[in-house]
Amino acid sequence: MDGLEFRRFKEADLPLFEEMVLALYREDEPGESMSSEKVQRTAKELVLHPHKGEITLFQIKEGVVGYAILIHLWSNEYGGHIVSVDELYVKPAWRKQGIGTAFMDHISETSQAHVKAIQLEVTPTNKRALAYFMRQGLTPSANYHLFRKLRG
């Protein structure tokens with residue numbers, strides 16, 4: 001898409017970012033609840049500690065049309081960094097125009113040699129997202145993803 005840019009989140013972006021995060025959680029299958037407080041904590045954490053990850057906004061001439069939260073992990077098994085796409089959202093009016101694909105290409109192209117893989121989660125009922133990410137070259141992991149929630 002012409003004029004599409006991926007830029008880092010700035011504190012002034014918080015209201016728009018929060019609006020998009022809450023929209024994502026309204027659209028996707030109920031799971032963990034989302035709140036303004038969680039969004040603000042995430043934004044603050046990643047601004048103060050950019051080595052942990054980043055928020056990327058999808059910008060076109062008309063404005064911001066989506067975002068992704070990327071978390072940086074180290075994997076002994078893979079011998080390097082893994083980029084975990086914690087969330088990826090494109091506003092409904094801008095879907096199916098190649099924005100998500102351009103972003104996934106952007107991650108692959110801008111990753112340095114030490115980045116070994118991209119990972120993400122898809123809710124089991126979101127068949128559309130699963131099919132999309134599989135077309136992007138992601139496949140189900142051979143290992144089970146296990147999770148134990150410790151606190152709210």
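Nothing fancy with the numbering, it's 1 onward along the sequence. All values below come from the heavy atoms of this structure, side chains included, with hydrogens, waters and symmetry mates left out.
Leu88 places a side-chain heavy atom less than 4.5 Å from the side chain of Met104. Side-chain contact between Leu16 and Met20 is present, with at least one heavy-atom pair separated by less than 4.5 Å. Counting heavy atoms from C-beta outward, Phe9 and Val47 have side chains that approach closer than 4.5 Å. Under the 4.5 Å side-chain criterion, counting only non-hydrogen atoms from C-beta, Leu46 is in contact with Ile71. Side-chain contact between Glu54 and His72 is present, with heavy atoms from C-beta onward closer than 4.5 Å. Between Ile107 and Val85 there is a side-chain heavy-atom pair separated by less than 4.5 Å.
A salt bridge between Glu27 and Arg95 is present, with a side-chain N of the basic residue lying under 4.0 Å from a carboxylate O of the acidic one.
The side chain to side chain donor-acceptor pair (under 3.5 Å) test applied to Arg7 returns Asp13, Gln59, not counting sequence neighbours. Looking at residues two or more places apart in sequence or on another chain, you find a side chain to side chain contact (heavy atoms under 4.5 Å, CB included) between His49 and Glu45, His51, Lys52. Checked against side chain to side chain contact (heavy atoms under 4.5 Å, CB included), Gln119 has the following partners two or more places apart in sequence or in another chain: Leu73, Ile82, Ser84. Looking at residues two or more places apart in sequence or on another chain, you find a ring-ring contact (aromatic ring centres under 6.0 Å, His included) between Phe6 and Phe58, Phe103, His106. Every residue two or more places apart in sequence or in another chain that forms a side chain to side chain contact (heavy atoms under 4.5 Å, CB included) with Asn143 is listed here: Glu77, Ser141. Glu5 pairs by the salt bridge (charged side-chain N to carboxylate O under 4.0 Å, His left out) definition with nothing, not counting sequence neighbours.
Atom CG of Leu120 is separated from atom CD1 of Ile69 by 13.0 Å, given to the nearest 0.5 angstrom. With rounding to the nearest 0.5 angstrom, the OG1 atom of Thr139 is 13.5 Å from the CZ atom of Phe133. Atoms CD and CG, on Glu121 and Asn126 in that order, are 12.5 Å from each other to the nearest 0.5 Å. Of the inter-residue distances, the one linking Lys38 atom NZ with Leu22 atom CG reads 11.0 Å to the nearest 0.5 angstrom. Between the OH atom in Tyr78 and the NZ atom in Lys116 there is a gap of 12.5 Å [rounded to 0.5 Å].
Glu11 CD: 12 or fewer foreign heavy atoms inside a 6.0 Å radius.
In this structure, the side chain of Lys91 engages the main chain of Val64 through a donor-acceptor pair within 3.5 Å. Here the side chain of Tyr132 pairs a donor or acceptor atom with the backbone of Thr101 at under 3.5 angstrom. Side-chain atoms of Lys96 never come within 3.5 Å of backbone atoms of Ala93 as a donor-acceptor pair (strictly under, hydrogens ignored).
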